[in-house]
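Have a look at the structure below, then the notes.
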Amino acid sequence: MANKISRAVIKRLPKYHRYLKELIDRDIKRISSKELSEIMGFTASQIRQDFNNFGGFGQQGYGYNVDDLFEQIGRILGLVSQYKTIIIGAGNLGQALANYSSFEKFNFSLQAMFDLNPRLIGLNFRGVEVLDVANIEDYLADHKIDIAYICTNKEAAQGVADRLVDSGVKALWNFAPVDLKLPADVIVENVHLIEDLFTISYFIKGAKK
Ligand code: NAI
C-alpha cells in the first residue's frame with residue numbers, strides 16, 4: 001500500500017502522529033477534521049484527503065477516534081516495529097544524537113557508534129560503545145542493522161555510505177551536507193540543517209540592514 005501513497009502525504013503523517021499524541025495526553029477521545037485542521041494548520045479537506053489514502057478512518061457525524069487514528073497512523077508509519085540503528089561519526093552531532101533518549105521511546109534502538117579517532121573509540125554514551133570503523137564490515141556481518149545515521153564530516157560521508165550499503169544497510173539518515181549517490185533501493189533522508197537557516201535568512205533579510 002505504502003508505495004502508492006505520495007511522498008507529500010507520507011511527510012505529513014509524522015505531524016499528524018505528533019498532534020494526535022498531544023490530544024491523547026490531554027485525554028481527548030474524538031476530533032473532527034475541522035478541529036484537527038484548526039490545531040494543525042492544514043485545511044479540513046486536506047486532512048480528509050490525506051486520510052482517504054488509507055481508507056478514511058473517520059465516521060460521518062462522529063469525526064475521528066483519536067486513539068484509533070493515532071494507532072493506525074503509527075502502524076502506517078511502521079512505528080510498531082523495533083528498528084536497530086548505528087551512528088557513524090561519534091563527534092559533536094553523533095554524541096548529541098546518542099544522548100537523545102526519545103528515539104528509543106519510538107523503538108529506534110541505538111546499538112553501536114563508529115569512529116576512526118582513537119580518542120573516541122572505546123568511549124560510551126548512555127551505555128552505547130564507540131567502535132573502530134575499520135571493523136564495521138565485520139560488525140554488520142554479525143548484526144542486522146536497519147538504519148545508519150551518518151554524522152561524519154562531509155568528505156567521509158560518501159565512502160562511509162558505500163561501505164554501509166555494501167554490507168547490506170538499506171536505510172540512511174544523513175546529516176553530512178552532501179547529496180549521497182546510492183542504489184535506488186536504499187532509503188535516504190537528508191537533514192541539512194544549514195538549509196533551514198538559509199530559508200530563515202531569506203524571510204528576514206528585508207528587515208536586516
Ligand atoms: P565532528 O568533527 O565533531 O564529528 C565528525 C566525526 O566523524 C569525527 O569524530 C571524525 O573522527 C569522524 N569521522 C571522520 N571520518 C570518518 C570515517 N570515515 N568513519 C567514521 N568516522 C569518521 O563534526 P560534527 O559537528 O559532529 O558534524 C558531523 C556532520 O554533521 C558534519 O558533516 C556536519 O557538517 C554535520 N552537521 C553538524 C551539525 C552540528 O550541529 N554539529 C549541524 C548540522 C550538520
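Each ligand, and each atom within it, is numbered from 1 in the order the structure gives.
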Please tabulate, for the side chains in residues 135-144, all donor-acceptor contacts under 3.5 angstrom to protein atoms that are two or more places apart in sequence or on a different chain.
residue: E137; atom: OE1; partner: R163; partner atom: NH2; Å: 2.9
residue: E137; atom: OE2; partner: R163; partner atom: NE; Å: 2.8
residue: H143; atom: ND1; partner: Y139; partner atom: O; Å: 2.9

Working for side-chain contact (heavy atoms from CB on, under 4.5 Å), residues F51 and Y64: CA-CA 10 Å; F51 294 168; Y64 299 101; 3.5 Å; yes
D50-Y16 side chain donor-acceptor pair, cut-off 3.5 Å: yes
Please tabulate, for side-chain N and O atoms in residues 85-100, each donor-acceptor pair with protein atoms closer than 3.5 Å (sequence neighbours left out).
residue: T85; atom: OG1; partner: S109; partner atom: O; Å: 3.3
residue: Q95; atom: NE2; partner: A90; partner atom: O; Å: 2.9
residue: N99; atom: ND2; partner: Q95; partner atom: O; Å: 3.1

Test item: L172 and I187 side chains (from C-beta on) under 4.5 Å apart, heavy atoms: no
Amino acids contacting ligand 1, non-hydrogen cut-off under 4.0 Å: I88, G89, G91, N92, L93, D115, L116, N117, L120, V133, C151, T152, N153, K154, A156, V160, F175, A176, P177, L193
Give the table of side-chain donor-acceptor pairs shorter than 3.5 Å for residues 193-204, with sequence neighbours excluded, one pair per line with atom names and distance.
residue: T199; atom: OG1; partner: E195; partner atom: O; Å: 2.9
residue: S201; atom: OG; partner: F198; partner atom: O; Å: 3.1

